[in-house]
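See structure below.
These values consider heavy atoms only, across backbone and side chains, with no hydrogens, waters or symmetry-generated copies. In the text below, chain A, chain B and the rest are named by the order of the sequence lines, each starting its count at 1. What you see is a predicted model, and the numbers here were worked out from it, not measured in a lab.
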Number of protein chains: 2
Amino acid sequence: MSATIRERRNTAQKEAVCRELTAADGFISAGELHQRLRDEGSAVGLATVYRQLNALVDIGRADAIPVPGGQLFRACEQGGHHHLVCEDCGTAVDIDPPDEEWIRATAERSGVTVTRHILEVFGRCGACPAE
Amino acid sequence: MSATIRERRNTAQKEAVCRELTAADGFISAGELHQRLRDEGSAVGLATVYRQLNALVDIGRADAIPVPGGQLFRACEQGGHHHLVCEDCGTAVDIDPPDEEWIRATAERSGVTVTRHILEVFGRCGACPAE
DNA sequence: ATGCGTGCAAACGATTTGCAGAGAA
DNA sequence: TTCTCTGCAAATCGTTTGCACGCAT
């Protein structure tokens, strides 16, 4: 079991998924990404989208957060992930990082070495009707 | 659409699920909870476990957090969800709430009313081999 | 007795995987 | 040409739901 590095060929689909993920300014579901790709003209299979997305997560170029009914993906950014997500329209806004120090310190206190953290704040933005 | 309060009869299963959820000192999956119930002698159906769990979430007595491959439940606590998850063994530890004030203030500044927030900190706990 | 709650199994929706063909190196 | 990547569709897996019966009220 050698730490063989998987071959990585360049394909249009690979690039398409990567580009669309980056274009999506925030988290996006695999299905949604697939749909956008279609609309855009790139006929990429859903399975490929998933495979590509997972590959990106594996190599650390993307992050996945689980949500009820599936998961959302996002192009990786360094450091933690901090977003303000409107539960209604799905708009995600970046927010400034909070007490990163605090997080690390707390984790270490529990004997855990922090590798990454995600802060998701859900709410309803002003543009959306109040239910 | 009246705020009709659903009937709530007392049943052994209902109590069992509730008790087991409370007994679980942390997050637990529906399947795991179901298994424990079985081991304990309570023959509760998996569907019922789900129904009960969802009901508890609905009335705010439990919280569900989505994880890859499903969701985890936990007896409700006030405030947001904060845990420290070991990426290796999956152990989740509660951590004290950070700057809740900061979060709310930041959100409001963007015109967003916060409904809930989740802070996920990933790392590797001391009990797990360093890769 | 009446109607909610339960159990079973089928239904569902998201994600994964097997296999044969297409394209990158 | 060789071998990885893709597409399609079937297979999985967690979760939900329809239906008939039992039990709490």
Side-chain angles (χ1 to χ4, degrees), chain A residues 2-21 24 27-59 61-74 90, chain B residues 2-21 24 27-59 61-74 85 90 92:
Chain A
S2 53
T4 307
I5 291 150
R6 293 176 213 300
E7 307 277 332
R8 300 204 167 275
R9 294 184 178 181
N10 275 334
T11 66
Q13 295 88 331
K14 196 167 294 193
E15 221 170 273
V17 171
C18 215
R19 146 195 301 255
E20 201 60 49
L21 180 62
F27 288 93
I28 185 175
S29 69
E32 172 72 15
L33 182 52
H34 177 241
Q35 191 54 59
R36 292 195 189 178
L37 246 25
R38 293 248 145 167
D39 296 342
E40 209 179 63
S42 314
V44 182
L46 179 56
T48 297
V49 171
Y50 274 108
R51 274 189 283 235
Q52 206 45 50
L53 246 22
N54 286 330
L56 288 172
V57 170
D58 275 351
I59 63 176
R61 292 197 42 194
D63 275 301
I65 69 167
V67 294
Q71 23 181 15
L72 297 178
F73 299 86
R74 184 203 155 110
Chain B
S2 55
T4 307
I5 292 150
R6 295 175 212 300
E7 307 276 331
R8 305 207 165 272
R9 294 184 178 182
N10 275 333
T11 66
Q13 295 87 331
K14 196 167 292 192
E15 220 169 273
V17 171
C18 214
R19 147 196 301 254
E20 201 61 48
L21 180 62
F27 289 93
I28 184 175
S29 69
E32 172 73 15
L33 182 51
H34 177 242
Q35 192 53 61
R36 291 194 189 177
L37 247 23
R38 292 248 146 165
D39 296 341
E40 209 178 63
S42 312
V44 182
L46 179 56
T48 297
V49 171
Y50 274 107
R51 275 190 281 236
Q52 218 31 241
L53 246 21
N54 286 331
L56 287 172
V57 171
D58 274 351
I59 63 176
R61 291 196 44 194
D63 277 302
I65 68 166
V67 294
Q71 23 182 13
L72 296 179
F73 299 86
R74 183 202 155 109
V85 185

Looking at C:dG23, I'd like to know if its phosphate oxygens (OP1 or OP2) sit under 4.0 Å from a side-chain N or O belonging to A:Q13.
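Result: no.
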Sorted by number, the residues of residues 33-46 of chain A with heavy-atom contact under 4.0 Å to DNA chain D:
A:A43, A:V44, A:G45
Look at atom CD of A:E40 and say whether more than 12 heavy atoms of other residues, nucleotides or ligands are closer to it than 6.0 Å.
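Counting other residues, nucleotides and ligands, CD of A:E40 exceeds 12 neighbours.
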Over 12 foreign heavy atoms within 6.0 Å of CZ, B:R19:
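It does not: B:R19 CZ has 12 such atoms or fewer within range.
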In whole angstroms, how far is the [atom2] atom of [N] from the [atom1] atom of [X]?
X	N	atom1	atom2	value
B:L56	C:dG5	CG	C1'	14 Å
A:Q52	D:dG7	CD	P	10 Å
B:L72	D:dC13	CG	P	18 Å

Who pairs with B:D39 by side-chain hydrogen bond (donor to acceptor under 3.5 Å, both in side chains), at least two apart in sequence or on another chain?
B:Q35
With sequence neighbours left out, what residues match B:E32 under side-chain hydrogen bond (donor to acceptor under 3.5 Å, both in side chains)?
B:R36
Students often get this wrong, so: under 4.0 angstrom with heavy atoms, is A:G31 touching a base, only sugar-phosphate, or nothing?
nothing
Go through the structure and list residues passing side-chain contact (heavy atoms from CB on, under 4.5 Å) with A:A47, not counting sequence neighbours.
A:R51
Can you give one letter per nucleotide of nucleotides 18-25 of chain D, 5' to 3': B if a protein heavy atom sits under 4.0 Å from the base, S if only from the sugar-phosphate, - if neither?
B-----BS
